[in-house]
Amino acid sequence: QVQLVESGGGLVQAGGSLRLSCAASGRTFSSYAMGWFRQAPGKEREFVAAINWSGGSTYYADSVKGRFTISRDKAKNTVYLKMNSLKPEDTAVYYCARRNTIVAGSKAEQYDYWGQGTQVTVSS
């Protein structure tokens, strides 16, 4: 079993920044990709960003390109999501997820372990 725990969410004003963290524990795999997804009230879960096992390739949804940055520290089994220039439409519960492959993906069904989520609220 793999456990993922997100942290770093909170309430911020538009234009502000947050950094989310996702720590993995338990029976982790040596090679895997990580992703961030979000779900706003009344909406479906959507892809935000992903990173491959090596950290050399990253992927972003068009809505967050240029504002969000995904990174990872493999020694700490932790993935980060730095969010800048936050907008009210970024308000959502943010989830980190792990895929059992070195290649990142943008589909929720490609990921097998999920965190509990952390709330990000951006006020105007």
Side-chain angles (χ1 to χ4, degrees):
Q1 185 179 11
V2 176
Q3 297 180 16
L4 304 176
V5 180
E6 302 97 333
S7 62
L11 174 64
V12 299
Q13 294 183 336
S17 299
L18 284 173
R19 189 182 74 161
L20 306 183
S21 299
C22 175
S25 62
R27 188 177 175 84
T28 60
F29 293 93
S30 60
S31 301
Y32 56 90
M34 296 291 296
W36 285 96
F37 294 78
R38 67 187 182 187
Q39 187 166 20
K43 298 182 179 180
E44 295 184 349
R45 184 170 46 189
E46 66 174 349
F47 170 75
V48 176
I51 188 168
N52 67 2
W53 174 79
S54 68
S57 297
T58 57
Y59 309 89
Y60 299 93
D62 289 340
S63 60
V64 305
K65 285 182 179 178
R67 299 189 298 121
F68 291 10
T69 302
I70 187 172
S71 62
R72 71 186 301 165
D73 185 336
K74 290 189 288 185
K76 294 182 172 63
N77 279 326
T78 301
V79 64
Y80 305 95
L81 184 68
K82 184 66 169 66
M83 305 184 294
N84 296 324
S85 302
L86 284 163
K87 305 174 182 179
E89 50 263 45
D90 294 319
T91 296
V93 176
Y94 283 71
Y95 300 90
C96 69
R98 196 200 75 176
R99 188 186 187 191
N100 187 23
T101 179
I102 63 172
V103 181
S106 62
K107 300 177 181 178
E109 57 266 31
Q110 295 175 318
Y111 294 80
D112 54 2
Y113 289 98
W114 294 80
Q116 84 290 345
T118 185
Q119 177 70 48
V120 173
T121 302
V122 185
S123 64
S124 59

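Sequence positions, counted from 1, serve as the residue numbers for this chain. Worth knowing before you read on, the calculation uses all heavy atoms, side chains too, and leaves out hydrogens, waters and symmetry mates.
Interatomic distance, F47 CZ to W36 CH2, rounded to the nearest 0.5 Å: 12.5 Å. Atom OG of S124 sits about 10.0 Å away from atom CD of E89, to the nearest 0.5 Å. For the atom pair L11 CG and Q119 CD, the distance stands at 9.5 Å (nearest 0.5 Å). To the nearest 0.5 Å, atoms CZ (F68) and CZ (R38) are separated by 5.5 Å. From R99, atom CZ reaches atom NZ of K107 across 9.5 Å, with rounding to the nearest 0.5 Å. Atoms OH and OG1, on Y80 and T69 in that order, are 14.0 Å from each other to the nearest 0.5 Å.
Between the side chains of D112 and Y32, no donor N or O sits under 3.5 Å from an acceptor N or O.
Centroid-to-centroid, the aromatic rings of F37 and Y111 come within less than 6.0 Å.
A pairwise comparison of heavy atoms in L81 and Y94 identifies CD2-CD2, 4.1 Å as the closest pair. Taking each heavy atom of S17 and S85 in turn, the nearest pair found is OG-N, 4.2 Å. Of all heavy-atom pairs spanning G105 and Q110, the tightest one is CA-OE1, 3.1 Å. Here the shortest heavy-atom pairing between M34 and C22 reads CE-SG, 4.1 Å.
Inter-residue side-chain proximity for V103 and N52 is flagged as unmet; no heavy-atom pair is nearer than 4.5 Å.
Remark: the backbone N or O of V122 is paired with a side-chain donor or acceptor of T91 at under 3.5 angstrom. No side-chain donor-acceptor contact under 3.5 Å links E6 to the backbone of T118. In this structure, Y113 contributes its side chain and N100 its backbone to no donor-acceptor pair below 3.5 Å.
By the criterion of side-chain heavy atoms lying less than 4.5 angstrom apart, applied directly or through intervening Ile, Leu, Val, Met, Phe, Trp or Tyr residues, L20 is not grouped with Y95; the two fall into different hydrophobic clusters. In the hydrophobic clustering of this structure, V93 does not group with V64; members are Ile, Leu, Val, Met, Phe, Trp, Tyr whose side-chain heavy atoms approach within less than 4.5 Å, directly or through other members. Cluster annotation: L18 is connected to V79 through the hydrophobic network of ILVMFWY side chains, with a link wherever side-chain heavy atoms come within less than 4.5 Å.
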*Test salt bridge (charged side-chain N to carboxylate O under 4.0 Å, His left out) on D62 and K65 and set out the steps.*
CA-CA 5 Å; D62 289 340; K65 285 182 179 178; 3.2 Å; yes
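Shown are V120, V12, D90; of these, the side-chain contact (heavy atoms from CB on, under 4.5 Å) with M83 is made only by V120.
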